[in-house]
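Just below is one structure, and these are the notes that go with it.
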There are 2 protein chains.
Amino acid sequence: MNKYYSITELTREFGISTRTLRFYEDEGLIHPERRGRTRLFRPADRRLIQEILRGRRIGFTIAEIREIIQVYKDPPGEMGQLRLLMNRVEEKREELRQKRKDIEDTLAELDNVEEACLTRLAEIGVGT
Amino acid sequence: MNKYYSITELTREFGISTRTLRFYEDEGLIHPERRGRTRLFRPADRRLIQEILRGRRIGFTIAEIREIIQVYKDPPGEMGQLRLLMNRVEEKREELRQKRKDIEDTLAELDNVEEACLTRLAEIGVGT
DNA sequence: TTTGACTTTTACGTCAAGGTCAACGATAGT
DNA sequence: ACTATCGTTGACCTTGACGTAAAAGTCAAA
């Protein structure tokens, strides 16, 4: 049956605006089909959007996301390009590992904050 | 001896610009001392800057970072405020867990990309 | 004493990632 | 025929996080 999603359907699902999806198309991240002028999103488009949003959440820029998408749909054939890509991948990996560490440290801090809150609440609770 | 850091000393250490540090001061994130007009950064300022940059890396806005700093230097005493804070903490935690998952998924994908590169390189290498 | 490296403030510029608004077309329901 | 709903394009606007340039002060070395 090959389902199509409308633009608002997707904006509702992902909590984004139509402007955002049109912007992503302008930026060449997605290429939904058209019936007349209206966009028709296929499941593949939907999945791509999910990955774009994931990239966005971890702080990738549009340009970076576009680059990643490019690699997927048109992997480099030449040797030099491949080596270059592998370097970029290693860089990104290092960046992500750092970010993950930052997140874990911050999560640990949040634990402390929460504990401090609980302690304080107990004090107040006892006092009243 | 109570060491002081100069502004450029810190910009070099952290790979940021003087503009950034002055901006952070304008935004009320840091409060370096002064000798005349020139800023003098103490170790405590330095550590605070490290934490600011960590917040930045994981995508916190200046406003969010300021809020966190506030909580640390002036924790809420009232009960309602405490409960409110705990809710905010739980929200942040959920956000960070999501981000961590996003990062781990992306790291896994990077592994795949690298493997594909290696395979491809091997093919090319054999062919020549 | 002049050069160089550092510092300051003020103020306008920039860039990414959308928001917002206007003006309009297509389609369905009443 | 009118209204609602959903879609379109195009243009300008906004916000966050700084960049950049101007004009000037401080201090040590050559």
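Computed from heavy atoms alone, side chains included, the values below leave out hydrogens, waters and symmetry copies.
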From the set [options], return the single nucleotide nearest to any side-chain atom of [X].
| X | options | result |
| --- | --- | --- |
| F23(B) | dT8(D), dG18(C), dA17(D) | dA17(D) |
| T20(A) | dG19(C), dT8(C), dA17(D) | dG19(C) |
| R56(B) | dT8(C), dC18(D), dG7(D) | dC18(D) |

Indicate yes or no: does [X] engage [Y] in a salt bridge with an N to O separation below 4.0 Å.
| X | Y | answer |
| --- | --- | --- |
| E9(B) | K3(B) | yes |
| R57(B) | D102(A) | yes |
| D111(A) | R93(B) | yes |
| E104(B) | K101(B) | no |
| E51(A) | R56(A) | no |

If the cut-off is 4.0 Å, is [X] near the phosphate of [N], judged by side-chain N/O to OP1 or OP2?
| X | N | answer |
| --- | --- | --- |
| S6(A) | dG7(D) | yes |
| R22(A) | dT8(D) | yes |
| R39(B) | dT7(C) | no |

Here the distance between atom P of dT7(C) and atom CZ of R12(B), to the nearest Å, is 8 Å
For the pair made of OH in Y24(A) and P in dA16(C), what is the distance, rounded to whole Å?
14 Å
Heavy atoms under 4.0 Å, any strand shown: does R34(A) hit a base, just sugar-phosphate, or nothing?
sugar-phosphate
For D26(B) and T18(B), take the nucleotide of DNA chain C holding the closest heavy atom to each; which residue's nucleotide lies nearer the 5' end?
T18(B)
N/O-N/O pairs, protein side and nucleotides 20-24 of chain D side, under 3.5 Å:
residue, atom, partner, partner atom, Å
dT20(D), O4, R19(B), NE, 3.1

At how many degrees, to 10°, do the end axes of the helix from dT1(C)-dA30(D) to dT30(C)-dA1(D) meet when each uses five pairs?
10°
